[in-house]
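Since the structure comes first, as structure tokens, the remarks are kept for the end.
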Amino acid sequence: SGNNWGYGKENGPSLWHKQYPTAKGSRQSPIDIVPHQLSHDPSLGPIVPNYDQCTSLNISNNGHSVAVEFDDSDDRSVIRGGPLDNPYRLKQFHFHWGGKGCHGSEHTVAGNSYASELHLVHWNAVKYKTYEEAATAPNGLAVLGIFLQTGDDHRWLHTITDALYMVKFKGSVTDFKGFNPKCLLPSSLHYWTYLGSLTTPPLHESVIWIILKEPISVSERQLSKFRMLLSTGEEEDQRIHMENNFRPPQPLKGRRVRSSV
Ligand SMILES: Cc1cc(=S)c(O)co1
Ligand SMILES: [Zn+2]
């Protein structure tokens with residue numbers, strides 16, 4: 001059936017095109033960002049995330065990643081500015097990571113990958129009535145990408161890693177209230193931006209990507225807790241650990257990558 005895609009040898013990124021032809025589209029993500037080859041665009045203003053009124057609802061394991069969902073019934077938490085011509089509402093955030101000792105970011109910078117990558121997914125509720133509609137429309141989504149490098153413990157990430165044991169199995173979900181993702185932002189909001197896609201099937205080409213240049217630091221110990229998650233369900237005999245859930249860089253196909261100041 002269509003929804004058995006994954007990151008293994010039998011169902012991984014190189015095979016997704018068979019079920020999802022968009023995989024070979026003209027604006028696929030992630031990409032390799034080559035800083036000295038891109039254009040600095042003085043018209044690009046700062047991005048302004050405003051999450052202070054956000055309402056996190058739950059944390060869940062969908063078999064491909066772990067995601068924290070937000071109440072997106074109004075404009076209480078949005079990102080605006082930069083390449084965006086409307087405010088985009090925060091819908092969810094999730095992570096992509098590697099195996100032990102391996103890097104697992106999706107975007108790379110001059111061929112270098114980071115340990116992990118956090119994606120904050122937002123949608124344009126001015127132009128579209130629902131998230132689902134925005135997710136299939138050109139530029140209906142804006143995803144803020146943040147690189148994670150290994151170093152010291154991240155002061156706030158434990159709030160998330162301490163909850164992961166509750167969502168060990170694919171299909172599990174548990175309450176996760178009162179989490180404000182602004183604590184996961186690095187100090188600098190300088191960014192690169194380009195037009196791309198979801199990095200997982202159905203790979204819709206609907207994303208304005210905003211990738212922060214400055215990574216955040218998390219400890220190997222904190223990262224290892226993500227690898228305890230299973231991509232298999234509680235009822236399955238096979239237990240497969242969730243790791244290396246990243247898609248490799250895709251062809252740029254002539255797209256411009258712009259840089260904020
Ligand atoms: C909506 C969405 C976006 C990304 S980037 C992902 O990995 C899964 O779902
Ligand atoms: Zn993602």
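In each ligand, atom 1 is the first atom listed, and ligand 1 is the first ligand listed. Since the model is a prediction, treat every value here as computed from it, not as a measurement.
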Plane angle bin for Phe147 and Tyr114 - parallel if under 30°, tilted between 30 and 60°, otherwise perpendicular: parallel
Enumerate, one pair per line, all nitrogen or oxygen atoms of ligand 1 lying under 3.5 Å from a protein nitrogen or oxygen, stating the separation to 0.1 Å; write 'none' if no such pair exists.
residue: ligand 1; atom: 7 (O); partner: His94; partner atom: NE2; Å: 3.1
residue: ligand 1; atom: 7 (O); partner: His96; partner atom: NE2; Å: 3.1
residue: ligand 1; atom: 7 (O); partner: Thr199; partner atom: OG1; Å: 3.4

Side chain proximity check, Ile59 to Val66, heavy atoms < 4.5 angstrom: yes
side-chain contact (heavy atoms from CB on, under 4.5 Å) partner of Phe95, chosen from Asn245, Leu157, Leu229: Leu157
Salt-bridge contact Arg227-Glu220 (side-chain N to carboxylate O under 4.0 Å): yes
Non-hydrogen side-chain atoms of Trp192 and Leu212 separated by less than 4.5 Å: no
Flag side-chain contact, heavy atom, 4.5 Å: Tyr131 against Arg89: no
Name of whichever N/O/S atom of His119 is nearest to the Zn ion (ligand 2): ND1
